[in-house]
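Throughout, a chain's letter reflects where its sequence line sits, starting with A, and its residues are numbered from 1. These numbers come from the heavy atoms of this one structure, side chains and all, not from hydrogens, waters or symmetry mates.
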Number of protein chains: 2
Amino acid sequence: MKQAIQVTVDIVVFTIRDEALQILLVKRGVAPFLGRFALPGGFVRDDESLEQAAQRELLEETGTKNIYLEQLFSFGDLGRDPRGRVVTVAYYALIPSDRAPLVAGTDAAEAKWFSVESLPILAFDHRRIVDYALSRLRGKLEYTTVGFELLARKFTLSDLQHLYEVILNRPLDKRNFRRKIEAQKVLKPLKEWQRTGRKPARLYSFKTT
Amino acid sequence: MKQAIQVTVDIVVFTIRDEALQILLVKRGVAPFLGRFALPGGFVRDDESLEQAAQRELLEETGTKNIYLEQLFSFGDLGRDPRGRVVTVAYYALIPSDRAPLVAGTDAAEAKWFSVESLPILAFDHRRIVDYALSRLRGKLEYTTVGFELLARKFTLSDLQHLYEVILNRPLDKRNFRRKIEAQKVLKPLKEWQRTGRKPARLYSFKTT
DNA sequence: CCAAAAGTGTTAGGAGTACACCCATGG
DNA sequence: CCATGGGTGTACTCCTAACACTTTTGG
């Protein structure tokens, strides 16, 4: 049994920028799909686990470490890569808004943030992967605290609500939202106020304990 | 870039037998882990998708087709297979109780059903895969109708409740359970009664429409 | 007639949702 | 003083959970 299957990881990197949920895409410099935008990713090396491969790609493409990373799904249909048989293990990652690089990528490849509401046509089956990541993120937002991974260490309740609103793409009621967050008992009110804007807003941090 | 990664699929095949949630395991006839039980599975061929590979294995090991199959997770840690670098895409499958083969497997390998409450020590990292499958199945049971995939075409409400009870491993209130199922509007009451037992029980079927 | 499983309603508490006004600040 | 976003409570609905007795049959 000699397989000719190659294994890659691709990563849907989310952040919040300009009041929108955005993902990082890189412009391909080689065929196939030359000039098209694609998800950051690459081949898994023989001496690294799948998660290590995803973390390495993340560091190479964004310079960020220690951020939330979760495996999504594996895509292995025939013909999804015209060069040959490629199985991709997809991940998604969440970069806090204060740590998202302005222009990402250390190498020559052009990397750019796109709002999920206005994505270009993507290479390969990457559009499917993005859609999958979006539905996973939306689902998890409702019953976990993943959302906090997209915020800076200190944030206001309005920041948090806007985060939920851009991800879920619908307005939320302010009082109900605050009650729901309150009930989770995961926020620590700080003795600091954000004095930008009009009335100062209390800052909170996420309880890691 | 020449990878030496092999890709396999492994399947956690569930069924309900003897009032218990059981999974299918095969005894390994070769090293490593010779004599240990392992999940059914095998290498993905170059000319089949991941899902096709899982379906083929399922047919080979159990003789069943057209059953519920869902991808779980991919496992690719270093050293998980002493023979070399192997990435496994794990699936789980649900076989209706009236279609589960008594003694599974058409080839020489010994295959056997085990209650999930009393599993033997498994080969590789298959115990982790089983635990993952179990938590996925339990989770999905609560907010989807996957449970129906484990029942025969006609069943009583008690059958359905017992199914939920053995999977969730806790007793459920009969009246609340029936109300909840009722609310889903997915059952079609049949004009047939199961006359085994004492008082005859109404039979139902799952609305596929 | 008895054992065994089938079938059936009500109540209380908690979660989610809809909804409107006052407050503190900077300009 | 006014524009802007910060902050707060109440009522209704719906879902969940607790709980016990009668019915039908086979042996």
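- Atom NZ in A:Lys199 sits about 16 Å away from atom C1' in D:dC2, given to the nearest Å.
- One finds a side-chain N or O of A:Ser158 lying less than 4.0 angstrom from the OP1 or OP2 phosphate oxygen of D:dG6.
- In this structure, B:Arg198 atom CZ and D:dT22 atom C1' are separated by 18 Å, rounded to whole Å.
- As rounded to whole Å, 13 Å separates atom P of D:dT16 from atom CG of B:Leu172.
- In summary, the aromatic rings of A:Phe37 and A:Phe114 are positioned with their centroids under 6.0 Å apart.
- In this structure, A:Tyr132 and A:Phe75 have perpendicular ring planes: the angle between them is above 60°, well past the 30° mark.
- The ring of A:Phe33 has its center closer than 6.0 angstrom to the ring center of A:Phe124.
- Of all nucleotides in DNA chain C, those with any atom nearer than 4.0 Å to a heavy atom of chain B start and finish, going 5' to 3', at C:dA4 to C:dT10.
- Map A:Asp173 and B:Asp159 each onto its nearest nucleotide of DNA chain C; the residue landing nearer the 5' end is B:Asp159.
- Rounded to whole angstrom, the span from the CZ atom of B:Arg202 across to the P atom of D:dT24 amounts to 14 Å.
- Separating the OH atom of B:Tyr143 from the P atom of D:dT16 is a distance of 16 Å, rounded to the nearest angstrom.
- Look at B:Arg136 and B:Glu70 and you find a salt bridge, because one of the NZ, NE, NH1 or NH2 atoms lies within 4.0 Å of a carboxylate O, short of that distance.
- Within residues 175-190 of chain A, the residues approaching DNA chain D are A:Arg175, A:Arg178, A:Arg179, by heavy-atom distance under 4.0 Å.
- Counting to the nearest Å, the P atom of D:dT16 and the CD atom of B:Glu142 are 10 Å from each other.
- Ring geometry, A:Phe148 versus A:Phe155: the interplanar angle falls from 30° to 60°, so the pair is classed tilted.
- Heavy-atom neighbours of A:Ile121 CD1 from other residues, nucleotides or ligands within 6.0 Å: at or below the threshold of 12.
- At the phosphate of D:dG26, OP1 or OP2 sits under 4.0 Å from a side-chain N or O atom of B:Arg195.
- Between A:Arg128 and A:Asp77 a salt bridge is recorded (basic side-chain N to carboxylate O distance below 4.0 Å).
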Checking side chain to side chain contact (heavy atoms under 4.5 Å, CB included) for the pair B:Leu134/B:Val116: CA distance, chi angles, key distance, verdict?
CA-CA 9 Å; B:Leu134 258 174; B:Val116 295; 4.2 Å; yes
Between B:Glu57 and B:Ile11, is a side chain to side chain contact (heavy atoms under 4.5 Å, CB included) present by the stated rule, with each step listed?
CA-CA 8 Å; B:Glu57 293 289 346; B:Ile11 314 173; 3.8 Å; yes
